Novice: 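Please find one structure pasted underneath; my questions will follow.
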There are 2 protein chains.
Amino acid sequence: MATYVEETTYVRSGMYNWEGDAWSFDKKGPYIELVTSPNNPDGTIRETVVNRPDDEEAKVIHDFAYYWPHYTPITRRQDHDIMLFTFSKITGHAGSRIGWALVKDKEVAKKMVGYIIVNSIGVSKESQVRTAKILNVLKETCKSESESENFFKYGREMMKDRWEKLREVVKESDAFTLPKYPEAFCNYFGKSLESYPAFAWLGTKEETDLASELRRHKVLCRAGERCGSDKKHVRVSMLSREDDFNAFLERLANMKAH
Amino acid sequence: MATYVEETTYVRSGMYNWEGDAWSFDKKGPYIELVTSPNNPDGTIRETVVNRPDDEEAKVIHDFAYYWPHYTPITRRQDHDIMLFTFSKITGHAGSRIGWALVKDKEVAKKMVGYIIVNSIGVSKESQVRTAKILNVLKETCKSESESENFFKYGREMMKDRWEKLREVVKESDAFTLPKYPEAFCNYFGKSLESYPAFAWLGTKEETDLASELRRHKVLCRAGERCGSDKKHVRVSMLSREDDFNAFLERLANMKAH
């Protein structure tokens with residue numbers, strides 16, 4: 001019975017509203033800003049844009065779901081008040097439904113734990129056990145210099161290879177666009193590196209509904225409009241299985257002929 | 001970004017309020033009644049009490065978390081609009097955080113799926129795989145007549161043994177009370193059986209704060225007040241490990257001496 005009471009109170013919370021894009025936020029009073037860096041869908045590195053460091057009622061949450069060295073240069077040790085991480089994107093184990101947070105304010109951390117308790121009592125023990133095991137294996141592989149054994153080196157080469165192939169097709173076609181990412185020094189790899197995001201933010205040079213166009217060529221992706229953008233952009237996964245990715249490249253290459 | 005929008009909308013829902021005990025509910029208009037049967041904490045069999053079968057806006061949710069043959073006689077094939085089940089109480093795998101529902105109305109089922117998607121996207125795959133495996137093994141054991149091999153027979157004997165020991169201590173002490181449960185015909189076992197609930201709803205005959213009294217004797221339990229009852233009752237788990245359960249019996253037996 002106690003659980004039902006809490007659950008009811010919990011979903012009734014009217015304490016906050018979604019205010020839209022942080023770039024256009026100019027209201028006074030308390031707010032929470034979500035910084036997704038690298039950003040989904042376009043893979044760009046983001047910083048706070050509302051930026052009111054002296055406002056004690058301001059909260060910034062950094063979502064570092066994609067901040068891993070196979071996707072993006074690890075340029076610095078991040079040091080923010082609330083930092084979210086997930087097991088989903090490191091290794092593709094999204095189905096384990098597990099993540100973690102680094103939080104400086106003890107009271108905020110307590111509230112987050114309280115939320116989890118009301119939301120689901122806790123994360124599945126099976127997921128916890130399996131994730132801990134995989135993270136440990138991952139850590140062990142980091143000791144290796146070998147590209148086939150070191151998980152992040154392997155992942156980076158894989159992502160690099162896919163991005164290079166995709167950029168080649170896009171260049172050949174002259175119908176599409178892809179974002180360019182600045183090189184940056186990666187502290188994990190100890191050298192300057194490019195970004196190879198988990199999603200390609202694909203655009204078209206023509207005045208067309210790109211998602212529908214791609215669907216006609218049997219390529220499924222998320223329409224730009226669903227990502228807060230326009231019809232000329234789509235989000236394509238760069239993490240599909242090898243066969244699927246190659247089929248995607250082939251179909252995309254065929255589209256210029258039409 | 002899409003997820004954050006939905007999450008925000010979801011926790012803002014002010015669509016329903018907790019109205020307290022169904023016995024005292026007399027408001028007009030739409031309502032949702034939760035029937036927990038067997039009931040936690042007292043193990044009694046419950047039916048709807050608001051009982052407005054002709055009210056199209058009325059919804060009844062039956063929670064059958066404890067409706068398993070090692071706890072209670074399975075008196076009939078339940079046939080209600082919304083029936084909830086959990087893997088937690090059959091085998092004690094609460095940590096897997098997994099349950100299921102039987103729902104007649106397709107639209108209600110869709111909303112429940114929608115809730116899960118916003119709440120957690122879905123249940124951990126590790127839990128799904130492990131639970132499916134365990135349920136299958138459980139089903140296989142049901143073919144056996146052996147008390148050590150048939151899971152529910154084994155569980156029932158275990159519960160019976162513990163309840164008999166507890167009732168013996170309570171009888172000897174003359175300081176405590178326990179509920180009595182009617183015998184009923186169990187379709188699973190094919191005979192008339194008693195209930196052996198997962199929790200003992202322990203009461204005291206004296207005017208005392210039972211939870212505090214027990215804590216002084218190193219017995220931890222949930223206070224009756226936290227279960228919507230009074231200080232003279234507590235909820236004690238009957239599912240602890242063998243050593244813990246025996247220590248509980250011993251400490252309870254010692255309490256009469258004080």
Side-chain angles (χ1 to χ4, degrees), chain A residues 1-22 32-34 36 39-42 61 63 65 84 86-88 93-99 115-116 118-131 133-134 222-223 225-229 235, chain B residues 1-22 32-34 36 39-42 61 63 65 84 86-88 93-99 115-116 118-131 133-134 222-223 225-229 235:
Chain A
M1 193 200 267
T3 309
Y4 287 129
V5 178
E6 287 156 17
E7 187 86 18
T8 306
T9 312
Y10 150 70
V11 292
R12 274 204 314 127
S13 164
M15 281 163 66
Y16 63 96
N17 289 299
W18 179 254
E19 289 285 352
D21 198 327
I32 299 169
E33 180 180 3
L34 288 158
T36 51
N39 186 46
N40 170 1
D42 66 7
I61 299 173
D63 180 341
L84 305 184
T86 167
F87 194 53
S88 298
H93 290 83
S96 302
R97 311 309 314 140
I98 197 164
Y115 175 87
I116 290 168
V118 176
N119 176 285
S120 58
I121 301 189
V123 174
S124 142
K125 299 292 180 198
E126 286 86 353
S127 295
Q128 292 188 45
V129 169
R130 185 155 175 253
T131 305
K133 176 76 185 170
I134 295 173
R222 180 167 285 201
E225 289 157 301
R226 287 201 57 203
C227 306
S229 181
R235 190 189 79 171
Chain B
M1 193 200 267
T3 308
Y4 286 130
V5 178
E6 288 156 16
E7 188 86 19
T8 306
T9 312
Y10 150 71
V11 291
R12 274 204 314 127
S13 164
M15 282 161 65
Y16 62 96
N17 289 299
W18 179 255
E19 290 285 352
D21 198 327
I32 300 170
E33 181 181 2
L34 289 159
T36 50
N39 186 45
N40 171 359
D42 67 7
I61 300 173
D63 180 341
L84 305 184
T86 167
F87 194 54
S88 299
H93 290 84
S96 303
R97 311 308 314 141
I98 198 164
Y115 176 87
I116 290 168
V118 177
N119 176 284
S120 58
I121 301 188
V123 174
S124 143
K125 299 292 179 197
E126 286 87 353
S127 296
Q128 292 187 44
V129 169
R130 184 154 176 253
T131 305
K133 176 74 184 171
I134 295 172
R222 181 167 284 201
E225 290 157 300
R226 287 200 56 202
C227 307
S229 181
R235 190 189 80 170

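Letters A, B, ... are given to chains in the order of the sequence lines, protein chains preceding strands, and every chain is numbered from 1. What's counted below: heavy atoms across the whole structure, side chains too, no hydrogens, waters or symmetry copies. Everything numeric here is computed off the predicted structure, so don't read it as measured data.
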Novice: Below 4.5 Å, heavy-atom pairs only: which of His93(B), Gln128(B), Arg97(B) has the largest tally toward chain A?
Specialist: Arg97(B)
Novice: So, does Ser96(A) use its side chain to make a donor-acceptor pair with the main chain of Ile98(A) at under 3.5 Å?
Specialist: no
Novice: Side-chain contact, heavy-atom cut-off 4.5 Å: Asp63(B) with Leu34(B)?
Specialist: no
Novice: Gly95(A) and Glu126(B): which non-hydrogen atoms are nearest, and at how many Å?
Specialist: O-OE1, 4.1 Å
Novice: Of all residues at least two apart in sequence or in a different chain, which pass the salt bridge (Lys or Arg N to Asp or Glu O under 4.0 Å) check with Glu225(A)?
Specialist: none
Novice: Which answer fits Val123(A), side chain, backbone, both or neither, if we ask what part of it has an atom under 4.5 Å from a heavy atom of chain B?
Specialist: backbone
Novice: Select, from Ala94(B), Gly20(B), Gly122(B), the one with the greatest count of heavy-atom pairs under 4.5 Å involving chain A.
Specialist: Gly122(B)
